[in-house]
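The structure appears below as structure tokens.
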Amino acid sequence: MNAITFRGVGDVRLEEAPDPKVVDAGDVVIRITTSAICGSDLHQYHGRGGGLVEPGAVMGHEFMGVVEEVGAGVREVRAGDRVIVPFSVSCGTCEWCRERLPTQCTTTGRAVFGGRFGHVFPGGQAEYIRVPFADHLCEKVPADMSDEEAIFLGDILSTGYFCAENGGIRPGDSVAVFGAGPVGLLAMQSAQLFGPARLFAVDRVGYRLTRAEECGAEAVHLDRGDPGDQLRALTGGRGPDVVLECVGHETPFAQAIHAVRPGGTVSSVGVYVETSMGFPVREAFFKDLRLHMGICNARNYIKPLMPLVRRGKLTPTLIITHTMPLGEAPWGYAIFDRKQDQAIKVMLKP
Ligand SMILES: [Zn+2]
Ligand SMILES: [Zn+2]
């Protein structure tokens with residue numbers, strides 16, 4: 001089959017890769033109909049952070065498709081089912097999976113499709129993929145939902161919602177979202193469900209801020225000064241009640257703490273490449289703020305968020321800027337990475 005493989009820093013290619021097969025009785029093989037490039041794929045692309053794959057590994061953890069082959073032990077999933085699968089590979093039965101923390105799965109070693117955090121599972125920027133623990137991981141997609149409406153439930157929409165939910169937004173709150181990339185934009189849409197009075201988007205890329213305004217946010221441009229000062233000026237000197245950090249670097253994390261009002265909440269879902277970093281701990285302490293950070297257990301959110309998309313309460317398709325054949329993924333990576341051609345979300349069609 002054709003797949004996008006990692007060949008080195010800044011080098012992904014369309015190559016021939018082995019056809020996935022059912023290995024264990026609980027596996028299925030899915031014919032991928034749509035996949036996408038994620039911001040965390042860019043960490044891989046740049047060779048930074050943990051979990052780097054070997055040259056030749058198939059990239060990608062955002063994908064969906066139609067089940068083609070089914071292992072003998074699979075009970076719930078059938079050939080022909082159209083399914084969405086979360087980015088992290090989990091067994092559904094270990095201690096942490098039973099605690100509803102599938103990203104901490106001990107059976108797979110916290111594996112991610114197309115990553116190398118525990119056991120290695122080839123990714124979804126390909127024509128086919130092997131999905132283990134299929135009864136646990138596959139969620140059927142109703143026929144009235146397009147691929148584009150369903151695919152982000154497996155990762156970035158669930159992550160954006162999780163970020164907003166962890167912010168504990170109450171009706172009338174002011175909310176600032178740091179980062180107007182794919183996750184930030186979906187965090188903005190999700191935040192709106194909790195009834196904030198004001199929503200701000202903080203970024204330095206003009207076209208992304210324009211998209212944020214379409215999600216009902218007021219733009220705060222980083223080139224116009226300190227974001228905390230700008231946000232205080234916009235909120236009568238108080239600062240936002242809730243800050244959602246959707247970038248994953250030391251600077252925006254510190255800015256989020258500086259910006260939030262006393263007693264406010266900072267919720268962070270950016271994927272950090274840093275293993276440790278500076279932290280304005282005195283300010284955080286004396287501000288009495290609440291801090292929540294972590295990786296989203298997307299498996300838990302697929303089913304509850306699906307009706308919100310079907311009824312138009314969430315419109316994840318709004319972030320899509322590019323749709324291209326799988327073979328053009330190297331260009332897709334390049335424009336997404338360099339924020340060229342107004343790229344926000346790049347979709348791939350095998
Ligand atoms: Zn992702
Ligand atoms: Zn598990």
Side-chain angles (χ1 to χ4, degrees), residues 4 6 12 24 26-27 32 34-46 48-53 57-64 84-119 121-126 129 131-138 150-163 179 181-187 246-248 268-273 294-302 305 316 319-320 329 332-333 336-337 343-348:
I4 298 302
F6 177 76
V12 294
D24 297 319
D27 295 355
I32 293 168
T34 303
S35 59
I37 305 174
C38 180
S40 59
D41 291 332
L42 295 180
H43 291 337
Q44 197 84 259
Y45 184 66
H46 286 289
R48 62 192 181 205
L52 298 177
V53 294
V58 178
M59 301 281 292
H61 57 260
E62 294 181 6
F63 59 91
M64 63 172 297
I84 176 71
V85 175
F87 68 90
S88 77
V89 192
S90 60
C91 71
T93 51
C94 73
E95 181 187 356
W96 296 118
C97 281
R98 279 185 279 116
E99 293 276 354
R100 287 178 61 78
L101 292 168
T103 57
Q104 311 303 317
C105 178
T106 47
T107 309
T108 69
R110 302 201 239 175
V112 171
F113 287 104
R116 198 179 156 211
F117 293 93
H119 298 252
F121 294 93
Q125 289 164 7
I129 189 168
V131 174
F133 311 109
D135 282 334
H136 164 62
L137 288 177
C138 294
I151 187 171
F152 302 140
L153 291 165
D155 184 2
I156 56 171
L157 178 57
S158 292
T159 296
Y161 185 90
F162 169 75
C163 186
V183 171
L185 291 168
L186 295 176
C246 301
V247 185
S268 171
V269 295
V271 179
Y272 293 86
V273 279
I295 185 167
C296 174
N297 286 284
R299 183 68 193 93
N300 302 344
Y301 288 86
I302 295 177
L305 294 186
I319 69 168
I320 296 171
Y333 271 82
F336 181 42
D337 180 45
I344 296 177
K345 192 67 184 177
V346 179
M347 313 300 288
L348 304 171

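Keep in mind that the numbers below use all heavy atoms, side chains included, and drop hydrogens, waters and symmetry copies. In each ligand, atom 1 is the first atom listed, and ligand 1 is the first ligand listed. Counting from 1, the numbers follow the sequence of the chain as shown.
Closest to the Zn ion (ligand 1) among the N, O or S atoms of Asp155 is OD2.
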Under the side chain to side chain contact (heavy atoms under 4.5 Å, CB included) criterion, do Asp155 and Phe113 qualify, and how do the steps go?
-> CA-CA 11 Å; Asp155 184 2; Phe113 287 104; over 6 Å; no
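Residues Tyr45 and Ile37 are not in side-chain contact: their nearest non-hydrogen atoms beyond the backbone lie 4.5 Å or more apart. Taking 4.5 Å as the limit, some side-chain heavy atom of Leu137 sits within range of a side-chain heavy atom of Ser90.
Residues satisfying the side chain to side chain contact (heavy atoms under 4.5 Å, CB included) test with Val271, not counting sequence neighbours, are Ser40, His43.
Rounded to the nearest 10 degrees, the angle SG (Cys38) to the Zn ion (ligand 1) to NE2 (His61) equals 110°. Rounded to 10°, the angle that SG of Cys97 and SG of Cys91 form at the Zn ion (ligand 2) is 110°.
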